[in-house]
2 protein chains.
Amino acid sequence: MAEKNATIYDIAKLAKTSTATVSRVLSNNGYPVKEELKQRVLEAARKLNYTPNLLGRQLKTNESLDIGIIIPSITNQFYPLLLLGVEDVARKKGYNVLLCNSLRKPENEKKYLSTLFQKQIKGIIISSITKNQDYLKQLQQKGLKIVAFDQGISLDCCKISFDFYAGGYMAAEHLIKLGHRKIAFLSAPLTRYSRIQIYEGFMQCMKDNGIEQSQDYIILSEDEEESHDQVYEFKNGKYLVNKLLGSGKPIPTAIFCINDMTAFGAIQELTKNKIYVPKDISVMGFDNIPTSEMITPSLTTVDQSAYEMGALAAEMLINNLESSSERSIEIVLKPKLVVRNSTKKLMANDTSIYFFL
Amino acid sequence: MAEKNATIYDIAKLAKTSTATVSRVLSNNGYPVKEELKQRVLEAARKLNYTPNLLGRQLKTNESLDIGIIIPSITNQFYPLLLLGVEDVARKKGYNVLLCNSLRKPENEKKYLSTLFQKQIKGIIISSITKNQDYLKQLQQKGLKIVAFDQGISLDCCKISFDFYAGGYMAAEHLIKLGHRKIAFLSAPLTRYSRIQIYEGFMQCMKDNGIEQSQDYIILSEDEEESHDQVYEFKNGKYLVNKLLGSGKPIPTAIFCINDMTAFGAIQELTKNKIYVPKDISVMGFDNIPTSEMITPSLTTVDQSAYEMGALAAEMLINNLESSSERSIEIVLKPKLVVRNSTKKLMANDTSIYFFL
DNA sequence: GTGAAAGCGCTAACAC
DNA sequence: GTGTTAGCGCTTTCAC
């Protein structure tokens with residue numbers, strides 16, 4: 001079956017010319033070739049059903065039109081959108097994107113980095129989950145261009161980041177403006193930079209509005225995310241609501257969740273306990289993943305503009321690749337409030353709802 | 001900065017041996033090399049901070065550890081799960097996955113196919129959106145192994161498919177068993193194989209249960225999906241519910257939606273019209289994407305086992321690649337009913353709910 | 001304009 | 001066991 005693929009050598013033979021000429025015609029680089037010869041080459045290529053072998057070319061030119069992207073997991077709804085942004089830009093500029101999911105495992109991340117580099121890729125976009133950046137640095141010294149979109153990273157490279165602090169502040173502000181003062185903060189452990197920043201922004205806003213946040217309303221789970229559970233955050237939301245309700249403290253009038261998935265879990269568990277959103281309680285998320293629009297009630301949240309992030313990262317990387325500038329710049333994206341139906345103005349008498357479970 | 005990468009030639013020089021020996025040591029293929037020399041080579045490689053160039057090897061061996069996958073869009077929640085299945089299997093077998101999103105554009109699909117092939121990839125998994133399979137066939141004849149997971153495809157290749165008909169039947173059956181007889185069917189135009197099959201399974205089940213499905217309860221939208229709108233199906237669900245409510249016909253007691261996203265839209269629009277799920281009406285979806293578990297009420301649906309589909313496809317492809325068998329086999333996956341909270345038993349008096357809007 | 005030939009980094013006969 | 005060398009498919013210098 002698999003007949004051996006034709007090469008430029010075969011074409012040269014058939015067109016009675018040299019491989020040099022064939023290469024000039026087919027790579028279409030503007031090198032002057034007489035029209036008649038050109039046509040003969042093209043004709044021969046067509047006849048032989050020629051497909052170029054990119055490996056040969058790349059080995060020779062040492063140029064690559066591939067860029068890599070390493071993310072924790074494509075099953076986290078945030079990343080497909082980001083990837084879309086990366087791909088749209090890459091496609092426009094003639095690049096291909098090689099996606100790698102580290103699944104939050106440092107060994108996977110390292111393996112993918114190594115493979116990408118061995119494939120002679122010249123640039124990557126990465127959300128690194130590795131504490132130790134020695135390997136990345138090593139590759140960087142070997143000429144790999146890196147754009148990171150993960151604040152934690154200490155590496156000196158281009159970065160695209162997000163102002164989580166402002167996002168947390170903004171969320172609190174929205175709820176406070178609606179009249180809420182008893183606002184619970186639900187989150188997985190504050191172990192990541194992003195979570196900590198959101199928390200601090202949130203707390204600062206409460207403080208700025210003269211609200212003393214009670215420790216009873218800061219509900220954190222104990223265990224860190226497991227790498228393979230796609231709905232961990234969702235389950236965590238349910239868990240945290242149960243923890244809140246079980247505490248015996250008065251129910252807050254609003255809940256701010258560290259991300260949308262947690263909010264979905266919270267809403268489901270609240271509803272199960274006959275506490276309805278937004279009638280009895282307002283709930284906010286963070287991220288603005290596509291699902292947040294599709295649940296009922298639709299979720300008020302803070303947009304992280306994943307698509308834009310991806311597009312900017314790709315833009316940055318490709319510019320860097322093509323201009324080979326060594327400047328490390330950082331772009332910080334600002335949050336946007338997305339008001340939907342899961343939050344509402346606090347009515348005067350709402351403040352007196354007390355549940356003791 | 002970017003110091004030139006060391007090659008096996010440099011190592012040979014430093015270790016005072018030949019490139020052949022270096023290759024034998026580094027490619028670790030069990031070829032006998034004296035321990036002492038081996039160590040010298042390894043030492044030299046370490047010293048030079050050597051990274052192999054995969055291109056050189058691949059060009060020489062004409063073997064590839066990459067497989068490609070072409071899907072319509074990673075932003076459709078069904079595919080990340082499928083991709084996860086593909087990647088898990090690929091990783092286990094030492095393969096890398098190259099993802100391509102066609103965005104439902106035939107020209108993109110063709111471009112990606114061509115690029116993958118030029119990169120000397122030997123096998124792909126594809127959900128083709130192209131009517132004309134000539135190009136695929138051409139590549140197949142050139143030796144590309146193909147696994148399709150898309151029923152429409154007429155190409156003679158390995159396939160992994162899903163029994164949509166049984167799924168449609170199963171959905172209807174579930175609702176009928178709950179006592180429903182007035183069941184609306186909501187869908188985008190019945191232009192794709194999968195939709196048609198689901199529809200026919202649904203209708204057959206109605207018939208088998210002696211229920212004559214009224215045309216008034218078959219609600220289809222007129223326009224085909226736009227390639228770039230990630231929430232098209234969701235919006236379509238809202239649109240279809242409005243069409244149903246606006247028809248002036250008695251409201252059905254249950255709605256079956258062609259997929260989960262449509263169901264999310266339907267639920268949101270029903271709720272907006274103060275028709276509550278599942279109290280006033282039962283709603284079912286199809287696909288079992290992750291979100292269906294996270295909405296409130298959680299969605300009763302038919303599982304398409306995306307992960308399994310991906311894993312099987314990868315397994316099939318890699319086996320094919322390694323055994324180079326020419327047999328085209330097809331695996332048909334069966335649906336699973338996932339009962340959650342959006343459907344409930346029809347109460348005697350529910351049948352009398354009539355709304356005229 | 002065109003062709004001969006070197007060589008990108010690697011592997012695998014083949015010779016010793 | 002080890003080294004020499006041809007060559008995978010391509011581009012590009014250099015000579016004509």
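The sequence lines fix the lettering, A, B, ..., with proteins before strands; numbering per chain opens at 1.
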Novice: Look at the side chain of A:S114 and the backbone N and O of A:K110, then say whether any donor-acceptor pair between them is shorter than 3.5 Å.
Specialist: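 Pair absent, no side-chain N/O of A:S114 close to backbone of A:K110.
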Novice: Would you check if B:I70 and B:S128 make a side-chain contact, meaning some heavy-atom pair closer than 4.5 Å?
Specialist: no
Novice: Using whole Å, report how far CG of A:L55 lies from C1' of D:dC8.
Specialist: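 These atoms are roughly 9 Å apart.
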Novice: Could you tell me the separation between the CG atom of A:N28 and the P atom of D:dC10, rounded to a whole number of Å?
Specialist: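 Answer to the nearest Å: 15 Å.
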Novice: Do A:K13 side-chain atoms and A:S18 backbone N/O form a donor-acceptor pair below 3.5 Å?
Specialist: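 Answer holds: no.
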Novice: Within the sub-3.5 Å range, which N or O atoms of nucleotides 12-16 of chain D have a protein N or O partner, and how far apart are they?
Specialist:
residue : atom : partner : partner atom : Å
D:dT13  : O4   : A:R24   : NH2          : 3.1

Novice: Nearest nucleotide by nearest heavy atom, which residue falls closer to the 5' end of DNA chain C, B:T51 or A:S18?
Specialist: A:S18
Novice: Please work out if A:N62 contacts a base, only the sugar-phosphate, or nothing of the nucleic acid, heavy-atom cut-off 4.0 Å.
Specialist: nothing
Novice: Does A:R40 come within less than 4.0 Å of A:E43, counting only side-chain N to carboxylate O?
Specialist: no
Novice: Whole angstroms only, please: what is the CD-C1' distance between A:Q120 and C:dC8?
Specialist: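 Those two atoms, CD and C1', are 10 Å apart.
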Novice: Whether the side chain of B:Q133 engages the backbone of B:S154 through a donor-acceptor N/O pair (distance < 3.5 Å, no angle test) should be reported.
Specialist: yes
Novice: Rounded to the nearest angstrom, tell me the gap between atom CZ in B:R40 and atom P in D:dG1.
Specialist: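 Distance check: B:R40 CZ to D:dG1 P gives 15 Å.
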Novice: What's the spacing between A:D134 CG and A:Q140 CD if we round to 0.5 Å?
Specialist: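 Answer for the CG-CD pair, A:D134 versus A:Q140, is 12.0 Å.
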Novice: Using 0.5 Å steps for rounding, measure from the CG atom of A:L312 to the OH atom of A:Y307.
Specialist: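 Result: 10.5 Å between the selected atoms.
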Novice: Is the phosphate of D:dT11, meaning OP1 or OP2, less than 4.0 Å from a side-chain N or O of A:R57?
Specialist: yes
Novice: Taking only side-chain N and O atoms of B:T17, does any of them lie within less than 4.0 angstrom of OP1 or OP2 on D:dG3?
Specialist: yes
Novice: Hey, does B:L37 reach any base, or is it just sugar-phosphate, or nothing, if we go heavy atoms under 4.0 Å?
Specialist: sugar-phosphate
Novice: Go nucleotide by nucleotide along DNA chain D from the 5' end; which of B:L59 and B:P32 gets its closest nucleotide reached first?
Specialist: B:P32
Novice: Quickly work out the B:Q39 CD to D:dG1 C1' distance and round it to whole Å.
Specialist: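 Going from CD in B:Q39 over to C1' in D:dG1 covers 16 Å.
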Novice: Near B:K137 NZ, under 6.0 Å, is it more than 12 heavy atoms from other residues, nucleotides or ligands?
Specialist: no
Novice: Quantify the bending of the helix from C:dG1-D:dC16 to C:dC16-D:dG1 as the angle between its end axes, each fitted on five pairs, to 10°.
Specialist: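 That helix has its two terminal axes inclined by roughly 40°.
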Novice: Hey, which of B:I67, B:D66, B:T115 is the one that makes side-chain contact (heavy atoms from CB on, under 4.5 Å) with B:I121?
Specialist: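 Per the side-chain contact (heavy atoms from CB on, under 4.5 Å) rule, the option paired with B:I121 is B:D66, out of B:I67, B:D66, B:T115.
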Novice: Could you give the NZ-to-P distance, from A:K34 to C:dG1, as a whole number of Å?
Specialist: 6 Å
Novice: Determine whether A:T17 and A:L37 make a side-chain contact, defined as any pair of heavy atoms from C-beta on separated by less than 4.5 Å.
Specialist: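 In contact.
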Novice: Mind calculating the distance between CD (B:Q58) and C1' (D:dC10) to the nearest angstrom?
Specialist: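 Interatomic distance, CD of B:Q58 to C1' of D:dC10: 15 Å.
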Novice: Please report, rounded to the nearest Å, how far the C1' atom of D:dG1 is from the CD atom of B:E35.
Specialist: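 Atom CD in B:E35 sits about 13 Å away from atom C1' in D:dG1.
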Novice: Strictly below 4.0 Å: does A:T7 bring a side-chain N or O up to OP1 or OP2 of D:dG9?
Specialist: no
